[in-house]
Amino acid sequence: MGLSLQDQLLKAGLADKKKANQIKKQKHKQVKAQQKHKVAADNESKRLANEAREEQRLASQESNQKLNEVAQQKALQAQIKQLIETNKQKQKGEVLLNFTDNNVVKRVYVTQELHKAVTMAKLAVVRDGDGYELVPTPVADKITERDKSYIVYIADKSEVTTSSEEDDWYADFEIPDDLMW
């Protein structure tokens, strides 16, 4: 049978007998205290293992959170693409629609009805990959809730209502037919 580590150290001359007995007594007292008072000894290796386990749990939790955020972003992108694809208007026409995208004037040819709908804030211009699409304003609002960067142009609704209010104000006055210039 092999010698214990303590015996091996004593035999090699790396430890003395007095020090070995002192450690042995201390170990015996610790075991007795645990049995008598049920006091858990502070085991350094258990504490370090628990700390390492906790750090690993936190790291994995953080990486899972990042993966969830990426998955949510992909889901939002897919929702936006689906909204655009299902609600886009056909753009073939001869009327030129001008709008700005990042301080650059862009042009799209549309029909007269689509041009009027865009200026009346019934349609909005949204970015779809490299191109642009026209979608109804309520759909553009849903896209804005998910990601504002897809919206390129929406006509200001307050400008549209003020022009009709001005027309209504003049409606109270009759224009004489015999007016000579």
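As the structure is a prediction and not an experimental result, all values here were calculated from the model.
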Transitive ILVMFWY cluster of Val95 at side-chain heavy atoms under 4.5 Å: who else is in it? none
For Asn50, what residues pass the side chain to side chain contact (heavy atoms under 4.5 Å, CB included) criterion, not counting sequence neighbours? Arg53
Give the cluster check for Val125 versus Val135: same hydrophobic cluster or not, with ILVMFWY residues linked at side-chain heavy-atom distances below 4.5 Å. no
What pairs with Pro138 under side chain to side chain contact (heavy atoms under 4.5 Å, CB included), at least two apart in sequence or on another chain? Pro136
For Glu51, I'd like to know if atom CD has over 12 heavy atoms of other residues, nucleotides or ligands within 6.0 Å. yes
Taken in chain and number order and not counting sequence neighbours, the residues that satisfy side chain to side chain contact (heavy atoms under 4.5 Å, CB included) with Thr86 are Gln82
Could you tell me the separation between the OG1 atom of Thr137 and the CD1 atom of Ile154, rounded to the nearest 0.5 Å? 6.0 Å
Salt bridge (charged side-chain N to carboxylate O under 4.0 Å, His left out) with Glu54: which residues, sequence neighbours excluded? Arg57
For Leu5, the rest of its hydrophobic cluster, which grows through side-chain links under 4.5 angstrom: Leu9, Leu14
Residue pair Glu133 / Asn87, side-chain heavy-atom distance below 4.5 Å: no
Shortest non-hydrogen contact from Lys17 to Leu10? N-CD2, 3.6 Å
Test salt bridge (charged side-chain N to carboxylate O under 4.0 Å, His left out) applied to Asp7 - qualifying residues, sequence neighbours left out: none
To the nearest 0.5 Å, how far apart are CG in Leu67 and OG in Ser60? 11.0 Å
Rounded to the nearest 0.5 Å, what separation is found between the CG atom of Leu134 and the CD1 atom of Ile84? 11.0 Å
Can you list everything that forms a side chain to side chain contact (heavy atoms under 4.5 Å, CB included) with Lys106? Sequence neighbours excluded, please. Phe99, Asp101, Val104, Tyr132
For Lys81, salt bridge (charged side-chain N to carboxylate O under 4.0 Å, His left out) partners two or more places apart: none
Check whether Val152 and Val126 end up in the same hydrophobic cluster, where Ile, Leu, Val, Met, Phe, Trp and Tyr are linked by side-chain heavy atoms less than 4.5 Å apart. no
Identify, with sequence neighbours excluded, every residue that meets salt bridge (charged side-chain N to carboxylate O under 4.0 Å, His left out) alongside Lys66. Glu62
Show me the side-chain donor-acceptor pairs of residues 107-116 shorter than 3.5 Å, one per line, residues at least two apart or across chains.
| residue | atom | partner | partner atom | Å |
| --- | --- | --- | --- | --- |
| Thr111 | OG1 | Leu114 | N | 3.3 |

Ala124 versus Ala140, closest heavy-atom pair with distance: CB-CB, 3.6 Å
Atom pairs and distances, donor-acceptor, side-chain atoms in residues 73-80, under 3.5 Å, two or more places apart:
| residue | atom | partner | partner atom | Å |
| --- | --- | --- | --- | --- |
| Gln77 | OE1 | Tyr150 | OH | 2.4 |
| Gln79 | OE1 | Arg146 | NE | 2.8 |

